[in-house]
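We use all heavy atoms of the structure for the numbers below, so side chains are in, but hydrogens, waters and symmetry mates are not.
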Amino acid sequence: MPKGGVNAPVPVAAEATPAVDPRLIVRQEGVKGYFGEFRRRITSGELGSLPVVLALIVIWAVFGSLNSSFLSAQNLSNLSQQIVGTGMIAIGVVFVLLLGEIDLSVGSVSGLCAAIFAVLNVTHGVNQWVALLSALVGGAVVGLIQGVFFAKVGVPAFVVTLAGNLGWNGLMLQVLGANGTVNLSGKDIVSRLYSTIYSSQAAAYGVAVIGVLLFLGASVLDARRRQAAGVPSRPVLDIALRTAAIAVVAFLAAYTLNQYKGLPLALLIFLVFIVVLDFVLRRTTYGRQVFALGGNIEGARRAGINVSWIRISVFTICSTMAAVGGLFLAAQIQSASQTSGSGNLLMNAIAAGVIGGTSLFGGRGSTWSALLGALVIGSIQSGMNIQGLSNAIQFMITGAVLLAAVVVDSLARRTQRAAGRA
């Protein structure tokens with residue numbers, strides 16, 4: 001019986017207030033709220049791609065001031081084509097990094113798959129499409145094998161892929177045979193995918209228009225879905241500002257490409273891979289499971305996620321993308337040889353993912369990291385080649401940039417923990 005008698009009022013619990021993401025509330029306050037949110041993200045360690053974008057601007061400004069030819073349409077167009085091979089491999093590396101793991105075999109896998117295509121198509125006269133499919137399947141099988149050893153047998157990914165780095169390189173040498181080098185014809189499908197350039201100005205501008213419209217459509221659709229669900233969504237001004245920024249970058253890139261030869265097909269394919277796989281990571285259940293596994297493996301397991309399946313699939317994707325990158329690299333030099341996949345390719349592919357903003361600790365990153373990181377590394381190499389600097393200097397500076405990226409990532413995570421967001 002309530003205290004005070006039968007007729008005493010019974011206290012009523014206060015109506016629960018639904019939890020709302022404060023970041024979305026801030027966005028609804030207009031431009032002031034938008035910049036307030038930006039300040040909050042910086043102070044809480046949520047840096048995103050900001051450090052690498054600033055680094056790219058500085059790199060371009062420095063090399064552009066040292067030699068005007070660096071920012072010429074010809075050099076930038078060539079740069080956009082040359083980063084495709086390494087960038088494709090870096091996309092696969094991003095998937096593995098999101099798990100907080102590493103794949104040290106991607107260089108050897110890329111060389112092996114390039115050798116498979118070249119030997120089948122050139123040496124044995126196999127249909128070019130069959131040879132292409134065989135190379136891609138070969139990459140997928142390699143990733144499947146390594147994923148099973150990691151996920152099912154329990155061998156650390158570092159050890160599995162380190163062994164793979166040696167083993168797949170040996171298999172590549174075996175596939176190439178005594179000759180050691182197989183030259184591509186230049187008319188095969190791989191060579192044409194790399195060398196084709198659409199000279200019509202409508203091609204580059206058309207891709208820019210499509211890209212901007214896709215971004216705008218996705219943003220509007222997301223806002224409407226959130227409104228329908230009764231949760232705060234991005235305001236119209238926010239969507240407009242983001243779309244305008246994307247449009248400026250897209251049309252500036254299209255203009256630059258059209259000042260030289262036009263839109264390289266290899267770059268277009270690279271962008272398609274980035275967009276499609278970014279959609280997989282951010283808009284599908286599978287992608288959310290990858291992020292969940294990288295953020296907290298035990299929590300993911302208790303949530304019912306098939307940890308072994310995710311791990312195996314991620315390593316399969318990584319090796320398949322290594323195969324794609326290896327084919328573009330072979331097309332770039334018009335051959336598959338004993339040096340394919342060697343040198344600093346492995347380090348550049350991993351560095352591209354990390355420098356682009358993917359965390360080495362797992363759970364945070366994007367396929368766009370591959371593009372940004374590859375641009376940074378490619379810009380450093382291109383600028384130093386123009387200046388006539390040695391490979392030794394290039395290696396040291398690239399290593400310093402990689403270290404700086406990891407330091408920024410570590411400091412950002414520390415700041416997030418201090419802000420209670422890690």
Asker: Would the distance check show the side chain of Ser382 and the main-chain N or O of Gly378 forming a donor-acceptor pair, the cut-off being under 3.5 Å?
Answerer: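 Flag not set: sc Ser382 to bb Gly378 has no pair under 3.5 Å.
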Asker: Does the side-chain contact (heavy atoms from CB on, under 4.5 Å) test come out yes or no for Ile355 and Leu372, once each step is laid out?
Answerer: CA-CA 8 Å; Ile355 291 172; Leu372 293 172; over 6 Å; no
Asker: Has Gln146 got a side-chain atom pairing as donor or acceptor with Gly143's backbone, closer than 3.5 angstrom?
Answerer: no
Asker: Would the number of heavy atoms belonging to other residues, nucleotides or ligands and lying under 6.0 Å from CD of Gln174 be above 12?
Answerer: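 Incorrect, the count does not exceed 12.
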Asker: Give a yes or no on whether Tyr286 atom OH has more than 12 heavy-atom contacts from other residues, nucleotides or ligands under 6.0 Å away.
Answerer: yes
Asker: Quick one: do Leu277 and Trp368 satisfy side-chain contact (heavy atoms from CB on, under 4.5 Å)? Show the steps, please.
Answerer: CA-CA 10 Å; Leu277 292 178; Trp368 292 98; over 6 Å; no
Asker: Looking at every heavy atom in both Ala374 and Ile83, which two are closest together, and how far apart are they?
Answerer: O-CG2, 3.7 Å
Asker: Would you call Asp238 and Arg242 a salt bridge, using N to O less than 4.0 angstrom?
Answerer: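 Between Arg242 and Asp238 there is a salt bridge, with a charged N closer than 4.0 Å to a carboxylate O.
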Asker: Under the 3.5 angstrom rule, does the side chain of Arg364 hit a backbone N or O of Ser359 as a donor-acceptor pair?
Answerer: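 Judged by distance alone, no pair lies under 3.5 Å.
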Asker: With heavy-atom distances below 4.5 Å as the criterion, would you say the side chains of Leu371 and Leu271 are in contact?
Answerer: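 Side chain of Leu371 against side chain of Leu271, heavy atoms only: contact under 4.5 Å found.
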Asker: Check the pair Ser337, Thr339 against side chain to side chain donor-acceptor pair (under 3.5 Å), reporting the backbone distance first and the verdict last.
Answerer: CA-CA 5 Å; Ser337 67; Thr339 60; 2.9 Å; yes
Asker: Closest heavy-atom contact between Gly186 and Arg192?
Answerer: O-CG, 4.5 Å
Asker: If only atom types and distance count, is the side chain of Gln332 paired as donor or acceptor with the main-chain N or O of Gly85 below 3.5 Å?
Answerer: no
Asker: Looking at every non-hydrogen atom in both residues, tell me the closest pair between Cys318 and Asp103 and how far apart they are.
Answerer: SG-OD2, 3.4 Å
Asker: Within a strict 4.5 Å, meaning less than it, do heavy atoms of the Lys261 and Gln81 side chains meet?
Answerer: no
Asker: Could you pull out every donor-acceptor pair under 3.5 Å between side chains of residues 52-66 and any protein atom, sequence neighbours left out?
Answerer:
{"residue": "Trp60", "atom": "NE1", "partner": "Ser379", "partner atom": "OG", "Å": "2.8"}
{"residue": "Ser65", "atom": "OG", "partner": "Ala61", "partner atom": "O", "Å": "3.2"}
{"residue": "Ser65", "atom": "OG", "partner": "Val62", "partner atom": "O", "Å": "2.6"}

Asker: Would you mind reporting whether Asp278 and Ser366 have side-chain heavy atoms less than 4.5 Å apart?
Answerer: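 A side-chain contact under 4.5 Å exists here.
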Asker: List the steps and the verdict of side-chain contact (heavy atoms from CB on, under 4.5 Å) for Met88 and Ile269.
Answerer: CA-CA 10 Å; Met88 288 288 194; Ile269 295 173; 3.8 Å; yes
Asker: How far apart are the C-alpha atoms of Asn385 and Gln394, what are their side-chain angles, what is the distance that settles it, and do they pass the side chain to side chain donor-acceptor pair (under 3.5 Å) test?
Answerer: CA-CA 9 Å; Asn385 286 335; Gln394 294 183 28; 2.8 Å; yes
Asker: Between Leu97 and Leu360, is there a side-chain heavy-atom distance shorter than 4.5 Å?
Answerer: yes
Asker: Can you tell me how far apart CG (Leu112) and CG (Leu171) are? Round to the nearest 0.5 Å.
Answerer: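 Between Leu112 CG and Leu171 CG, I get 5.0 Å after rounding to 0.5 Å.
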Asker: May I ask you to decide if Leu193's main-chain N or O and Thr196's side chain share a donor-acceptor pair within less than 3.5 Å?
Answerer: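 Flag not set: sc Thr196 to bb Leu193 has no pair under 3.5 Å.
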Asker: Examine the side chains of Ser72 and Tyr260 and answer whether a donor and an acceptor come within less than 3.5 Å of each other.
Answerer: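 Distance-only check fails for Ser72 and Tyr260.
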Asker: Using modelled atom types only, decide if a donor and an acceptor are shared between the side chain of Thr316 and the backbone of Ile312 within a distance under 3.5 Å.
Answerer: yes
Asker: Under the side chain to side chain donor-acceptor pair (under 3.5 Å) criterion, do Asn165 and Ser108 qualify, and how do the steps go?
Answerer: CA-CA 5 Å; Asn165 182 48; Ser108 295; 2.8 Å; yes
Asker: Measure the CZ-CD1 distance between Phe70 and Ile386 for me, rounded to the nearest 0.5 Å.
Answerer: 6.5 Å
Asker: With a 4.5 Å limit on heavy-atom distance, are the side chains of Val130 and Ser134 in contact?
Answerer: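 Touching, per the 4.5 Å side-chain cut-off.
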Asker: State, yes or no, whether a side-chain contact exists between Leu265 and Tyr194 at a heavy-atom distance under 4.5 Å.
Answerer: no
Asker: For residues Gly326 and Ala114, report the shortest heavy-atom separation together with the two atoms involved.
Answerer: O-CB, 3.7 Å
Asker: Under the 3.5 angstrom rule, does the side chain of Ser110 hit a backbone N or O of Gly107 as a donor-acceptor pair?
Answerer: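 Judged by distance alone, yes, a pair lies under 3.5 Å.
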Asker: Would you say Thr161's side chain and Leu104's backbone share a donor-acceptor pair under 3.5 angstrom?
Answerer: yes
Asker: Calculate, to the nearest 0.5 Å, the distance between atoms CG and CG belonging to Leu257 and Leu263 respectively.
Answerer: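 Going from CG on Leu257 over to CG on Leu263, the span is 6.0 Å.
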Asker: Mind checking whether Asn183 and Val122 have side chains closer than 4.5 Å, heavy atoms only?
Answerer: no
Asker: Is the CZ atom of Arg225 crowded by more than 12 outside heavy atoms at less than 6.0 Å?
Answerer: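 Incorrect, the count does not exceed 12.
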Asker: Tell me the ring pair (Phe, Tyr, Trp, His ring centres under 6.0 Å) pairs involving residues 297-349, sequence neighbours left out?
Answerer: Phe150-Phe315
Asker: Run Arg301 and Leu293 through side-chain contact (heavy atoms from CB on, under 4.5 Å) and show every step you take.
Answerer: CA-CA 8 Å; Arg301 182 180 287 108; Leu293 191 59; over 6 Å; no
Asker: Kindly compute the distance separating CG (Asn344) from OG1 (Thr398), expressed to the nearest 0.5 Å.
Answerer: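 It is 8.0 Å, given to the nearest 0.5 Å.
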Asker: As a test of understanding, state which of Ser185, Ser191, Ser195 forms a side-chain hydrogen bond (donor to acceptor under 3.5 Å, both in side chains) with Gln334.
Answerer: Ser191
Asker: Could you measure the distance from the CG atom of Asn121 to the CG atom of Leu132? Nearest 0.5 Å is fine.
Answerer: 9.5 Å
Asker: Checking side chain to side chain donor-acceptor pair (under 3.5 Å) for the pair Thr358/Ser369: CA distance, chi angles, key distance, verdict?
Answerer: CA-CA 6 Å; Thr358 301; Ser369 300; 3.1 Å; yes
Asker: Is it the case that over 12 heavy atoms from other parts of the model lie below 6.0 angstrom from the OH atom of Tyr198?
Answerer: no
Asker: With rounding to the nearest 0.5 Å, note down the distance linking OG in Ser390 to CZ in Phe395.
Answerer: 9.0 Å
Asker: Using a 3.5 Å distance criterion without hydrogens, assess whether the side chain of Glu101 forms a donor-acceptor pair with backbone atoms of Ala157.
Answerer: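 Side chain of Glu101 to backbone of Ala157: no pair is present.
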Asker: So, are Arg283 and Asp222 salt-bridged, with charged N and O less than 4.0 Å apart?
Answerer: yes
Asker: Could you check if a side-chain atom of Leu329 sits within less than 4.5 angstrom of a side-chain atom of Ile89, using non-hydrogen atoms only?
Answerer: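 Yes, their side chains come closer than 4.5 Å.
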